[in-house]
Colleague: 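Sharing a structure below in structure tokens format, with a few things to ask.
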Amino acid sequence: MQLAWRFARFDGLSVREWHDIVVARESVFVLEQTCAFLDADGADPQCHHLVGKVEGEIAAYSRIVPPGLKYEEPSIGRVLTTKNFRRGGYGQALMKEAVARCEALYPGANIRIGAQMYLEKFYGGYGFKTVSEPYDEDGIQHVIMLRESKNV
Ligand SMILES: CC(C)(COP(=O)(O)OP(=O)(O)OC[C@H]1O[C@@H](n2cnc3c(N)ncnc32)[C@H](O)[C@@H]1OP(=O)(O)O)[C@@H](O)C(=O)NCCC(=O)NCCS
């Protein structure tokens, strides 16, 4: 089923929309991944938020972090599909849309992400290459990956 996209700055989200995003993020990153970390890390008010819905329910989400906040380059983070919508192609649709939105916001910019290591191949499919050794963040192995605009 096709995702219905909603893309907005933080200040453009309704309180209800922000609530539903927090529920989706905490369900995946805190509960499912059993990781006690500060999901609402203070960056959200400066981010753009991309929500993909199926019949009114959040199936996919990510945020676009502006350059100079997490990294020198813009970043795509909190990439998720909710549990009921896994392995149906929504993760791929989400990454495609997030990269396109990021490119539109920051033309010509490289994109840097902190990727959970088990997804190196997944992100590799969107032009991201690993540029760091593995490192531990909140008990989960990560690598830094970079998508260079001149190479895609
Ligand atoms: C990563 C995630 C968004 C993928 O979403 P999805 O809807 O299942 O993905 P799709 O069906 O569109 O695509 C499947 C691809 O995702 C990758 N993938 C999905 N689940 C995976 C898993 N458990 N292990 C490794 N790769 C996986 C594979 O590359 C797969 O391609 P393949 O089927 O050809 O092997 C989803 O599994 C998720 O939300 N995971 C938990 C949150 C998370 O870890 N986010 C990443 C933070 S860096």
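As the structure lists them, so they are numbered: ligands from 1, and atoms in each ligand from 1. Keep in mind the model is a prediction, meaning the values are calculated, not measured.
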Colleague: Please state which protein non-hydrogen atom is closest to atom 24 (N) of ligand 1 and give its distance, to 0.1 Å?
Modeller: Tyr118 CD1, 3.3 Å
Colleague: Testing the 3.5 Å rule here: is there a donor-acceptor pair between the side chains of Arg25 and Tyr61?
Modeller: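 Yes.
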Colleague: To the closest 0.5 Å, what do you measure between CD (Glu17) and CD1 (Ile58)?
Modeller: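 Reported value, rounded in 0.5 Å steps: 8.5 Å.
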Colleague: As an exercise, state the distance from CD of Glu97 to CG of Leu50, rounded to the nearest 0.5 Å.
Modeller: 5.5 Å
Colleague: Between atom CZ of Phe7 and atom OG of Ser62, what is the distance when rounded to the nearest 0.5 Å?
Modeller: 8.0 Å
Colleague: So is there a nitrogen or oxygen of Gly88 less than 3.5 Å from a nitrogen or oxygen in ligand 1?
Modeller: yes
Colleague: Would Met95 count as a contact of ligand 1 if the rule is a heavy atom under 4.0 Å away?
Modeller: no
Colleague: Should you measure from each heavy atom of Val28, which atoms of ligand 1 turn up under 4.0 Å away?
Modeller: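 The atoms of ligand 1 under 4.0 Å from a heavy atom of Val28 are 41 (C), 42 (C).
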Colleague: What is the closest protein heavy atom to atom 16 (O) of ligand 1, and at what distance does it sit?
Modeller: Phe122 CD1, 3.3 Å
Colleague: So which heavy atom in the protein is nearest atom 32 (P) of ligand 1, and how far is it from that ligand atom?
Modeller: Arg87 NH1, 3.7 Å
Colleague: Can you sort out which atoms of ligand 1 are near Tyr123, meaning under 4.0 Å from one of its heavy atoms?
Modeller: 46 (C), 47 (C), 48 (S)
Colleague: For atom 3 (C) of ligand 1, which candidate among Leu94, Leu119, Thr81, Ile76 provides the closest heavy atom?
Modeller: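 Looking at heavy atoms only, Thr81 sits closest to atom 3 (C) of ligand 1.
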Colleague: Nearest heavy atom to atom 11 (O) of ligand 1 wins, so pick from Gly89, Ala60, Gly91.
Modeller: Gly89
Colleague: The criterion is side chain to side chain donor-acceptor pair (under 3.5 Å); which residues satisfy it with Glu72, sequence neighbours excluded?
Modeller: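 If we apply the side chain to side chain donor-acceptor pair (under 3.5 Å) test to Glu72, skipping adjacent residues, there are no hits.
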Colleague: Under 4.0 Å from a heavy atom of Phe29: give me the atoms of ligand 1 that qualify, with their elements.
Modeller: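 In order of numbering, the contacting atoms are 42 (C), 43 (C), 45 (N), 47 (C).
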Colleague: Tell me the protein heavy atom at minimum distance from atom 14 (C) of ligand 1, and give that distance in Å.
Modeller: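 Ranked first by proximity to atom 14 (C) of ligand 1 is Gln92 NE2, 3.7 Å.
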Colleague: To which protein heavy atom is atom 38 (C) of ligand 1 closest, and what is the distance rounded to 0.1 Å?
Modeller: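 For this ligand atom, the closest protein heavy atom is Arg86 NE, 3.4 Å.
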Colleague: Find the distance between CG (Leu146) and OH (Tyr71) and round it off to the nearest 0.5 Å.
Modeller: 10.5 Å
Colleague: Salt bridge or not between Asp44 and Arg78? Use side-chain N to carboxylate O under 4.0 Å.
Modeller: no
Colleague: In terms of ring plane angle, is the pair His49 and Trp18 parallel, tilted or perpendicular, where the classes change at 30° and 60°?
Modeller: perpendicular
Colleague: Any idea which part of Gln33 is under 4.0 Å from ligand 1, heavy-atom wise: side chain, backbone, both or neither?
Modeller: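 Side chain only.
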Colleague: Please tell me whether Gln33 and Gln116 have a donor and an acceptor in their side chains that are separated by less than 3.5 angstrom.
Modeller: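 A donor-acceptor contact under 3.5 Å links the two side chains.
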Colleague: Heavy atom under 4.0 Å from ligand 1: found in Tyr61's side chain, backbone, both, or neither?
Modeller: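 None of Tyr61 does.
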Colleague: Under a 4.0 Å heavy-atom limit, does Thr82 contact ligand 1 with its side chain, its backbone, both, or neither?
Modeller: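 Under 4.0 Å from ligand 1, Thr82 contributes no heavy atoms.
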Colleague: Should the heavy atoms of other residues, nucleotides or ligands under 6.0 Å from CZ of Arg86 be counted, would the total exceed 12?
Modeller: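 Counting other residues, nucleotides and ligands, CZ of Arg86 exceeds 12 neighbours.
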Colleague: Output the rest of the hydrophobic cluster of Val65: all Ile, Leu, Val, Met, Phe, Trp and Tyr residues reachable through side-chain heavy-atom contacts under 4.5 Å, sorted by chain and number.
Modeller: Leu69
Colleague: Suppose I only count heavy atoms of Val79 and a 4.0 Å limit; which atoms of ligand 1 are within that range?
Modeller: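 Answer for ligand 1: 42 (C), 43 (C), 45 (N), 46 (C), 47 (C).
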Colleague: Does any N or O of ligand 1 fall below 3.5 Å from an N or O anywhere on Glu32, backbone included?
Modeller: no
